[in-house]
Each structure stands twice: as C-alpha cells, then as structure tokens.
Amino acid sequence: MYNDYEYDNNEYEYQGLVINGFVMIFFTFILVPLAFLYSTMWFINSENSLAIVLDVVLALLFFVGCGGYFVQEPNQARVMIFFGKYKGTCRRTGYFWVNPFMTRKKLSLRIRNMDIEPIKVNDKIGNPVLIGMVLVWRIKDTYRAVFDIDTQPGANGAYNGLALEKFVRIQSDAALREVTGQFAYDETTDDRNELTLRSGGAEINELLEHKINERVAMAGMEVVEARINYLAYAPEIAAVMLRRQQASAIITAREKIVEGAVSMVKMALRQLEEEQVVQLDAEKKAAMVSNLLVVLCADESAQPVLNAGS
C-alpha cells in the first residue's frame, strides 16, 4: 500500500497567536466601540485634538480587527502566510482570531472521490482496451499542496481545489496507462498462469495505487484507494475478441466433456469385466469405446441402430 516517498515534509504546526473568536468579539465589538464613544464625548466636551487621534486609532483598530476572524471545521486546515513567508498550518477546529495581516489559505483534508473516465490504452500484447477506475484521495502535506502547484486562488482566499483535481486526474491517467501496458487483457495460450488485467484483481489495484502515489506525493497528496471499475476491449476489436473468447470457452468445455467421457468408458469396461456380463475381445472393446465416446461427446442425442441379425 502507500509508503512515504522521498520528499521532504516542510509542513509544521502554526505557533503564532491564535485567540478564541468569542473573546475577540467582546474586545472588537464592545470594548473598542465603547472607547470610541468615550473619546468622542471627550472631544465634544474639551475639544482636545488628542481625542481625534484616539478616535482614528480606535476606528482603524476596529476595521483591522474585523479581518482576523475565521471558522474552521474538522478535517480542514489553513496555511498561514505572513507577507509571503510560510508560518505554519493551523489544523485546530473552532472559531478563532489571528493577525489580520496573515493570509489564510483554506484547504480541505477530507477524502475525495474521483471517477476516471475510461481511456483507450494498448495492453501488453498491443490490443486496444478501454479501462477506467475509481480514485479515492486526500491532501496529506498542506505545504506542498499550496506551494508546489501553480494555481489561482478561489473565492474568499480559499485554495483552488480544481487545480488539485486536475493534477491528480492527469497523473492518474499516466499511471493507468503505465500499468495497463505491463499486462495483457486476458490470458494467452503461452502462459495460462500469467497475471492479467481481467484476473489480476487486488494485485493490479495495489500496483496501480502505488504508481499513482509515486506521482502525486510530490504535490502533497495521498491516494487512499485506486480500483479499476471498467475494463473492455476497444470497439474495433471487440467482436473479434468475443469470438476468440467463445472459441476458448468451447475448447475448455470440450476438454471437460472428453475427460468425463473417457472416465465413464473406463468405468463401464471395468464393471463389465468384473461382473463378467460379457466377454469382449480387443476389436469389440475398441468398437464399444468408439460408440460410447460418440454418445457421450456428441452435441445431440445419438440415434440408436438395431441390428436384426444377418
């Protein structure tokens, strides 16, 4: 399954000032307005210019302070950037206030599901096949997810998740093509024990998951599960391969029929000899074996022929 690949993890927890949002609401929306009102009354009564300066400072403090609030739910994170410098990742849940000049890029750490549409790929022996898969992934390293992929920010400063999805989709397609090219669609006549796309199951899915993780780890993402959910021959060879599969099934069925017929003939001859029902020479045994095989292996019921004597 997923292993840590050779990429440095530059992510660390944000250690800056984080204050409970409800405490700061009391300060910003009650204490600061009261101080502003007191300073205004002071100016009206004394016409002191210092009161005007104090009013300006309190007004700036109010408007700047309003920009520091944010709500964070479980499995969400915010990458803190202070004038272009990474300051850590905040994963705490609740209602908080931080430095209003801190840029907060919002990331979702929740599991995401992606359906990769079937693509046309050549398998190991060159047959074109259509193959699709279901991908389950999430963000693991917020530093790489933000700073190692070139994106445009979303609404309200949130990180643009479409860029992540596009990256994962492209890398998944590349890994799917690589894995598909290593295996044949179905078993060949040369090696019936060969691992194939059709029979590989868990082994193919595990290899696919590993290959995708190797590609997306550079962007701080982790694939939880990758599973092939669609596999078929391409339309141009589907009819031919269907006839091939039918012929193979017929041959396999014939082998079972012949194997069972031979076993029944041996049993019949052995019982005839043990119970001494009839004495058969080599020529009559051969004729009996031939007749029994015709009856047991024929597609239709055999028509009996009665010998009325010569």
Short question: side chain of [X], backbone of [Y] - any donor-acceptor pair under 3.5 Å?
{"X": "Asn213", "Y": "Val223", "answer": "yes"}
{"X": "Trp97", "Y": "Val23", "answer": "no"}
{"X": "Arg198", "Y": "Ala184", "answer": "no"}
{"X": "Gln72", "Y": "Cys90", "answer": "yes"}
{"X": "Asn205", "Y": "Ile228", "answer": "yes"}
{"X": "Glu225", "Y": "Val136", "answer": "no"}

Item to complete: Answer yes or no: is there a side-chain heavy-atom contact under 4.5 Å between Met221 and Phe167?
Response: yes

Worksheet item: Any side-chain heavy atom of Glu209 within less than 4.5 Å of one from Met133?
Response: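 Of all side-chain heavy-atom pairs linking Met133 with Glu209, none is under 4.5 Å.
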
Practice prompt. Only counting residues at least two apart or in another chain, list the ones meeting side chain to side chain donor-acceptor pair (under 3.5 Å) with Arg169.
Written response: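 Side chain to side chain donor-acceptor pair (under 3.5 Å) check on Arg169 returns nothing, list empty.
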
Discussion item. Under 3.5 Å, is there a donor on one side chain and an acceptor on the other for His210 and Glu206?
Written reply: no

Worksheet item: CZ/Arg215 to CD1/Ile170 distance, rounded to the nearest 0.5 angstrom?
Response: 11.5 Å

Discussion item. Checking side-chain contact (heavy atoms from CB on, under 4.5 Å) between Ile81 and each of Lys105, Lys87, Arg104, which is the one that passes?
Written reply: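 It is Lys105; the other options fail the test.
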
Provide the closest heavy-atom pair for [X] versus [Y] in the form atom of the first, atom of the second, distance.
{"X": "Ile139", "Y": "Ser108", "result": "CD1-O, 3.6 Å"}
{"X": "Leu17", "Y": "Val98", "result": "O-CG1, 3.6 Å"}
{"X": "Leu109", "Y": "Arg138", "result": "O-CB, 4.0 Å"}
{"X": "Ala77", "Y": "Arg91", "result": "CB-CG, 4.1 Å"}
{"X": "Ser172", "Y": "Ile116", "result": "CB-CD1, 4.4 Å"}
{"X": "Gly65", "Y": "Pro100", "result": "CA-CG, 4.3 Å"}

Practice prompt. Evaluate the ring planes of Phe62 and Phe29, with Trp represented by its six-membered ring, and classify them as parallel (under 30°), tilted (30 to 60°) or perpendicular (over 60°).
Written response: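 Because their plane-to-plane angle is over 60°, the rings of Phe62 and Phe29 count as perpendicular.
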
Discussion item. Among residues at least two apart in sequence or on other chains, which ones pass side-chain contact (heavy atoms from CB on, under 4.5 Å) with Asn229?
Written reply: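 side-chain contact (heavy atoms from CB on, under 4.5 Å) check on Asn229 returns Asp115, Val134.
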
Worksheet item: Taking only residues at least two apart or on different chains, which pairs with a member in residues 13-33 satisfy side-chain hydrogen bond (donor to acceptor under 3.5 Å, both in side chains)?
Response: Thr28-Tyr69

Fill in: Qualifying residues under salt bridge (Lys or Arg N to Asp or Glu O under 4.0 Å), relative to Asp173, sequence neighbours excluded
none

Fill in: By ring-ring contact (aromatic ring centres under 6.0 Å, His included) - contacts of Tyr86 (at least two apart)
Tyr12, Tyr143, Phe147

Discussion item. Who clusters with Tyr230? Use side-chain heavy atoms, under 4.5 angstrom, across I, L, V, M, F, W and Y, and order the result by chain and number.
Written reply: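 Tyr230 clusters with Leu130.
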
